[in-house]
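Side chains are part of it too, since the values below use all heavy atoms of this structure and drop only hydrogens, waters and symmetry mates. Small disclaimer: the values here were computed from a predicted structure and weren't measured. Both counts, for ligands and for their atoms, begin at 1 and track the order of listing. Heads up: numbering here begins at 1 and tracks the sequence.
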Amino acid sequence: MLIERGAVMTIFEAYNNTKKRLAAAGIEDSVFEAKAIIRHITGLSNTEILTSYMNELTEFQENNLTAIMRQREIRYPLQYIIGTWGFYKYKFKVGVGVLIPRSDTEVLVEAASEFLKDKENPQILDLCAGSGCIGISLAKDYPDSAVVMVEKFDEAIRYIDQNVKLNEAYNTLLIKGDALEGDGKENKYDLIVSNPPYIPESEISLMNAETKFEPETALLSEGDGLKFYREIAHIYKASLKDGGMLAFEVGYKQADSVCEILNQNGYKDVKAVKDYNGINRVVCAIK
Ligand SMILES: C[S@@+](CC[C@H](N)C(=O)[O-])C[C@H]1O[C@@H](n2cnc3c(N)ncnc32)[C@H](O)[C@@H]1O
């Protein structure tokens with residue numbers, strides 16, 4: 001028996017309807033997201049959408065939109081729905097089990113990339129690599145570099161593997177290991193970067209609805225949230241070359257404490273760098 005399809009929707013109607021439903025679900029940037037979702041289900045670019053907005057969605061596209069809206073209305077992250085996300089200059093696959101690369105983290109990559117400008121064949125270590133967005137971006141910016149990425153959890157490691165292939169970043173090496181145990185410390189590096197878990201347990205309730213779908217192991221750090229900074233600053237100091245840089249992403253209230261940790265460990269030129277919202281987001285220092 002053939003089931004009749006209801007009234008068909010044009011791209012324009014689908015966009016308007018999506019935007020309204022996203023806004024009603026409390027999603028701030030409903031215009032940006034509605035465009036992203038329409039691009040995703042139709043496979044069209046923004047320009048193509050403008051020239052074909054009166055075209056009707058196919059039944060497949062309409063069903064896909066219905067499924068996506070059901071997920072998004074319970075605040076399942078847009079990035080997981082789309083499956084790839086732009087970070088810095090590159091694209092990364094993302095999904096359940098891996099932290100979504102944040103624009104704040106681009107500040108860390110920019111500071112690191114600037115430091116590497118005059119270095120030849122730099123040796124780089126990315127601790128707590130997640131999707132690989134930091135390590136792979138630096139490997140792409142500096143094809144003569146060698147980048148070691150350390151990540152503890154298999155769910156994230158699957159994405160690093162895919163992202164190395166997606167970006168053809170074959171000057172990288174992935175180690176399944178523990179940054180609190182010193183894995184990867186055998187080499188000498190020009191640069192050590194890390195965006196470790198840093199949310200204290202006391203702040204978990206402040207996280208937005210989407211973040212609750214991301215792995216807790218990527219976000220939470222026991223106690224005051226500073227454990228990874230203390231351990232990495234101490235354990236990996238011997239692995240930095242003299243004149244090498246250690247650079248961390250830090251939580252919005254943590255820059256002063258992390259600067260203190262680096263000073264206590266004998267690093268020089270300790271400084272904080274602000275993100276696009278004027279918050280101290282990166283702390284770096286020289287050995
Ligand atoms: C805040 S996320 C950062 C991910 C990625 N670097 C980024 O900037 O998007 C922290 C990452 O550290 C990993 N992780 C947690 N504990 C770890 C440990 N002890 N050793 C290595 N990686 C760890 C998590 O699985 C997660 O991928």
Side-chain angles (χ1 to χ4, degrees), residues 77 79-80 84-113 124-140 147-164 167 169 172-185 191-201 203-204 207-208 210-223 225-236 239 246-252 254 258 275 281-284:
Q79 294 90 336
Y80 284 177
T84 52
W85 201 245
F87 169 84
Y88 185 59
K89 305 179 211 164
Y90 309 107
K91 264 192 172 180
F92 294 88
K93 289 194 188 250
V94 290
V96 173
V98 74
L99 192 90
I100 298 161
R102 309 289 206 265
S103 55
D104 291 339
T105 308
E106 293 176 353
V107 180
L108 176 60
V109 175
E110 281 161 7
S113 194
I124 302 167
L125 177 63
D126 174 13
L127 295 168
C128 303
S131 60
C133 62
I134 301 172
I136 291 172
S137 294
L138 294 172
K140 293 298 291 175
V147 180
V148 176
M149 294 183 277
V150 175
E151 167 60 48
K152 184 172 175 184
F153 295 98
D154 287 331
E155 293 77 5
I157 284 174
R158 281 194 297 125
Y159 285 95
I160 301 182
D161 275 336
Q162 293 181 47
N163 285 324
V164 164
N167 288 287
T172 56
L173 173 75
L174 171 59
I175 297 178
K176 179 179 173 174
D178 192 332
L180 299 174
E181 297 290 335
D183 288 322
K185 73 175 183 185
L191 170 73
I192 299 179
V193 274
S194 184
N195 175 19
Y198 58 66
I199 314 273
E201 276 160 60
E203 288 183 16
I204 187 112
M207 294 191 318
N208 68 27
E210 284 78 6
T211 308
K212 296 190 176 111
F213 289 94
E214 293 184 273
E216 247 185 41
T217 45
L219 296 159
L220 277 190
S221 174
E222 64 190 53
L226 300 172
K227 179 173 180 176
F228 279 83
Y229 303 117
R230 289 193 191 96
E231 296 297 326
I232 291 172
H234 173 66
I235 300 174
Y236 289 89
S239 316
L246 173 61
F248 286 125
E249 175 173 324
V250 300
Y252 73 105
Q254 293 173 329
V258 176
D275 65 18
R281 183 57 67 188
V282 167
V283 169
C284 44

S.K.: Starting at CG of Asn195, measure out to CG of Leu108 and round the result to the nearest 0.5 Å.
M.R.: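 Result: 7.0 Å between the selected atoms.
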S.K.: Verify ring pair (Phe, Tyr, Trp, His ring centres under 6.0 Å) between Phe248 and Tyr229, making sure each step is shown before the conclusion.
M.R.: CA-CA 8 Å; Phe248 286 125; Tyr229 303 117; 4.9 Å; yes
S.K.: Tell me, please: is Pro215 in heavy-atom contact with ligand 1, that is, under 4.0 Å?
M.R.: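 Pro215: no contact with ligand 1 (<4.0 Å).
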S.K.: Hey, does Val98 have a side-chain heavy atom less than 4.5 Å from the side chain of Lys93?
M.R.: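 Heavy-atom side-chain distance check fails, nothing below 4.5 Å.
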S.K.: If I take atom CG from residue Asp183 and atom NZ from residue Lys176, how far apart are they, to the nearest 0.5 angstrom?
M.R.: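 Between atom CG of Asp183 and atom NZ of Lys176 there are 11.0 Å.
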S.K.: So which protein heavy atom does atom 22 (N) of ligand 1 come closest to, and at what separation?
M.R.: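 Checking every protein heavy atom, the shortest distance to atom 22 (N) of ligand 1 gives Lys152 N, 3.4 Å.
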S.K.: Quick one: look at Ile100 and ligand 1, take heavy-atom pairs under 4.0 Å, and tell me if it's side chain, backbone, both or neither.
M.R.: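 No part of Ile100 comes within reach of ligand 1.
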S.K.: Per the side chain to side chain contact (heavy atoms under 4.5 Å, CB included) rule, which among Asn163, Asp126, Ile157 passes with Met149?
M.R.: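 Going through Asn163, Asp126, Ile157 one by one, the side chain to side chain contact (heavy atoms under 4.5 Å, CB included) with Met149 is satisfied by Asp126 alone.
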S.K.: In Å and rounded to the nearest 0.5 Å, what is the CG to NZ distance from Leu138 to Lys140?
M.R.: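 Here the interatomic distance stands at 12.5 Å.
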S.K.: Looking at Thr105, which atoms of ligand 1 are within less than 4.0 Å of one of its heavy atoms?
M.R.: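 Here the atoms of ligand 1 in question are 8 (O).
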S.K.: Report the distance from atom OG of Ser103 to atom CG of Asp275, rounding to the nearest 0.5 Å.
M.R.: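 With rounding to 0.5 Å, OG (Ser103) is 8.0 Å from CG (Asp275).
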S.K.: What part of Ala129, side chain, backbone, both or neither, has a heavy atom within less than 4.0 angstrom of ligand 1?
M.R.: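 Only the backbone of Ala129 comes within reach of ligand 1.
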S.K.: In ligand 1, which numbered atoms sit nearer than 4.0 Å to a non-hydrogen atom of Gly177?
M.R.: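 What qualifies from ligand 1 is 20 (N), 21 (C).
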S.K.: Heavy-atom contacts under 4.0 Å between Pro196 and ligand 1: side chain, backbone, both, or neither?
M.R.: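 Backbone only; the side chain of Pro196 stays clear of ligand 1.
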S.K.: In terms of residue, atom name and distance, what is the protein heavy atom nearest to atom 15 (C) of ligand 1?
M.R.: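 So the nearest neighbour among protein heavy atoms is Thr217 O, 3.3 Å.
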S.K.: Who gets closest to atom 9 (O) of ligand 1 by heavy atom: Ser221, Gly135, Pro197, Cys133?
M.R.: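 Nearest option to atom 9 (O) of ligand 1, by heavy atoms: Cys133.
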S.K.: Quick one: OG on Ser137 to CZ on Phe92, what's the gap to the nearest 0.5 Å?
M.R.: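 Between Ser137 OG and Phe92 CZ, I get 3.5 Å after rounding to 0.5 Å.
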S.K.: Any side-chain heavy atom of Ser239 within less than 4.5 Å of one from Leu125?
M.R.: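 With C-beta onward as the side chain, the pair stays apart.
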S.K.: Looking at ligand 1, does any of its N/O atoms fall within less than 3.5 Å of an N/O of Cys128?
M.R.: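 Yes; the residue has a nitrogen or oxygen that sits under 3.5 Å from a nitrogen or oxygen of the ligand.
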S.K.: Can you tell me which portion of Ala179 lies within the under-4.0 Å heavy-atom range of ligand 1? Options are side chain, backbone, both, or neither.
M.R.: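 Near ligand 1, Ala179 shows its backbone as well as its side chain.
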S.K.: Under a 4.0 Å heavy-atom limit, does Asn195 contact ligand 1 with its side chain, its backbone, both, or neither?
M.R.: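 Both backbone and side chain.
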S.K.: Is it true that Phe228 lies under 4.0 Å from ligand 1, counting heavy atoms only?
M.R.: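 Right, Phe228 reaches ligand 1.
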S.K.: Scan side-chain atoms only and decide if Tyr198 and Glu249 contain a donor-acceptor pair under the 3.5 Å cut-off.
M.R.: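 Checked: Tyr198/Glu249 side chains pair up, N/O donor to acceptor below 3.5 Å.
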S.K.: Regarding ligand 1, does Asp178 bring an N or O atom to under 3.5 Å of one of the ligand's N or O atoms?
M.R.: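 N/O-N/O distance below 3.5 Å exists for this pair.
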S.K.: Is there at least one pair of N or O atoms, one from Glu151 and one from ligand 1, spaced under 3.5 Å apart?
M.R.: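 Min N/O separation from ligand 1 is below 3.5 Å for Glu151.
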S.K.: Which atoms of ligand 1 are found less than 4.0 Å from any heavy atom of Gly130?
M.R.: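 Counting atoms of ligand 1 from 1, those under 4.0 Å from Gly130 are 4 (C), 5 (C), 27 (O).
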S.K.: Distance check, rounded to the nearest 0.5 Å: Ile100 atom CD1 versus Phe87 atom CZ?
M.R.: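 It comes to 13.0 Å.
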S.K.: For atom 1 (C) of ligand 1, grab the closest protein heavy atom and report residue, atom and distance to one decimal in Å.
M.R.: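 So the nearest neighbour among protein heavy atoms is Ala218 O, 2.9 Å.
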